[in-house]
Amino acid sequence: GAVVSQHPSWVICKSGTSVKIECRSLDFQATTMFWYRQFPKQSLMLMATSNEGSKATYEQGVEKDKFLINHASLTLSTLTVTSAHPEDSSFYICSARDLGTYNEQFFGPGTRLTVL
Amino acid sequence: KNQVEQSPQSLIILEGKNCTLQCNYTVSPFSNLRWYKQDTGRGPVSLTIMTFSENTKSNGRYTATLDADTKQSSLHITASQLSDSASYICVVSPPHNAGNMLTFGGGTRLMVKP
């Protein structure tokens with residue numbers, strides 16, 4: 001099946017620093033990727049939709065200047081958490097849409113971000 | 001508002017036993033309904049996917065059913081194993097021409113004890 005990877009799998013950073021998370025579709029091209037955030041014992045919450053070659057679409061309440069998304073190629077999208085604060089600590093999951101498979105989204109393994 | 005409700009929120013069963021998880025949805029029309037397994041600290045992994053015209057889909061010990069009339073789906077796990085301990089999420093996808101937004105259920109946290 002389609003494989004989506006994320007890097008890093010976990011990261012610990014100091015408050016005020018920026019952190020970049022990569023999402024790659026390994027064996028298919030994805031014109032659309034999605035970024036989710038998941039807090040403990042809660043379901044996934046969509047943050048933004050990342051479209052290759054264009055600006056990302058952010059969900060209501062998600063600060064676009066804080067969560068910078070770049071989708072420079074058909075296999076790579078990046079999420080940069082700028083000036084991270086402890087409340088940004090969460091589990092960030094990306095998914096990539098494969099148009100050829102039920103229009104299905106395949107999820108990455110997630111990135112655990114801890115901001116001290 | 002389109003919603004996906006799952007029950008129970010959590011469930012504890014003994015190893016080897018069967019269990020059934022429920023999903024009620026109001027999303028209509030929809031393209032497909034999927035069940036995902038999410039291990040702690042990992043991303044969701046697809047177990048089954050059903051279009052609105054399908055009634056059942058199996059994947060090993062996992063069997064999903066869909067009743068489009070009552071807008072209900074269930075995931076039956078047979079002969080549970082310790083490795084089945086995870087969250088199970090029901091996800092409904094809109095029609096292909098209605099955007100990308102998936103509607104997630106809150107999940108059922110299953111714990112299988114020896």
Side-chain angles (χ1 to χ4, degrees), chain A residues 1-11 21 23-26 30-52 56-60 71 90-114, chain B residues 1-11 21 23 25 29-54 57 59 64 66 86-111:
Chain A
V3 179
V4 176
S5 70
Q6 281 184 241
H7 178 80
S9 56
W10 58 271
V11 57
I21 303 170
C23 176
R24 294 181 185 272
S25 56
L26 298 185
T31 55
T32 305
M33 292 184 172
F34 305 86
W35 287 97
Y36 296 85
R37 182 164 52 181
Q38 186 178 33
F39 293 105
K41 299 186 179 181
Q42 295 186 22
S43 193
L44 283 72
M45 292 171 45
L46 180 65
M47 298 175 64
T49 301
S50 169
N51 298 297
E52 186 267 336
T57 303
Y58 291 82
E59 295 300 303
Q60 192 172 11
H71 193 157
S90 187
F91 193 52
Y92 292 87
I93 303 173
C94 75
S95 70
R97 190 171 67 152
D98 183 357
L99 293 175
T101 312
Y102 283 104
N103 200 29
E104 185 170 357
Q105 290 185 30
F106 294 91
F107 290 87
T111 296
R112 171 72 60 193
L113 170 63
T114 301
Chain B
K1 179 181 177 181
N2 289 330
Q3 286 188 321
V4 177
E5 302 283 346
Q6 290 187 241
S7 62
Q9 283 190 332
S10 61
L11 180 63
L21 313 181
C23 173
Y25 62 92
F30 70 93
S31 172
N32 54 68
L33 183 147
R34 310 157 185 168
W35 282 93
Y36 287 91
K37 177 186 179 186
Q38 185 178 23
D39 292 308
T40 300
R42 304 292 295 173
V45 175
S46 180
L47 294 175
T48 63
I49 179 169
M50 293 180 290
T51 66
F52 61 87
S53 61
E54 295 179 287
K57 185 68 69 76
N59 178 3
L66 175 62
S87 288
Y88 292 83
I89 306 172
C90 175
V91 182
V92 179
S93 181
H96 292 187
N97 61 350
N100 304 314
M101 183 74 74
L102 301 180
T103 303
F104 289 81
T108 292
R109 296 171 62 85
L110 174 67
M111 181 179 295

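Everything numeric in this text was worked out from a predicted model, so none of it was measured. So you know, we letter chains A, B, ... as the sequences are listed, proteins then strands, and number each from 1.
- Across A:Ile93 and B:Gly43, no two heavy atoms sit closer than the pair CD1-CA, 4.4 Å.
- Of the possible donor and acceptor atoms, none in the side chain of A:Ser43 sits under 3.5 Å from a partner among the backbone N and O of B:Gly107.
- For A:Gln38, the part lying near chain B is the side chain, with the backbone staying farther off; criterion is any non-hydrogen pair under 4.5 Å.
- Of the listed residues (B:Pro44, B:Gly106, B:Ser46, B:Ser87), the one with the most heavy-atom contacts under 4.5 Å to chain A is B:Pro44.
- Separation of atoms CZ (A:Phe107) and CD1 (B:Ile89) is listed at 7.5 Å; rounding is to 0.5 Å.
- Counting non-hydrogen atoms of neighbouring residues, nucleotides and ligands closer than 6.0 angstrom, the CZ atom of B:Phe52 reaches no more than 12 such neighbours.
- Looking at B:Arg109, the atoms closer than 4.5 Å to chain A (heavy atoms on both sides) all sit in the side chain, from C-beta outward.
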Q.
Could you go through B:Gln38 and A:Leu44, starting from their C-alpha distance and side-chain angles, then the distance that decides it, and tell me whether this counts as side chain to side chain contact (heavy atoms under 4.5 Å, CB included)?
A. CA-CA 11 Å; B:Gln38 185 178 23; A:Leu44 283 72; 4.0 Å; yes

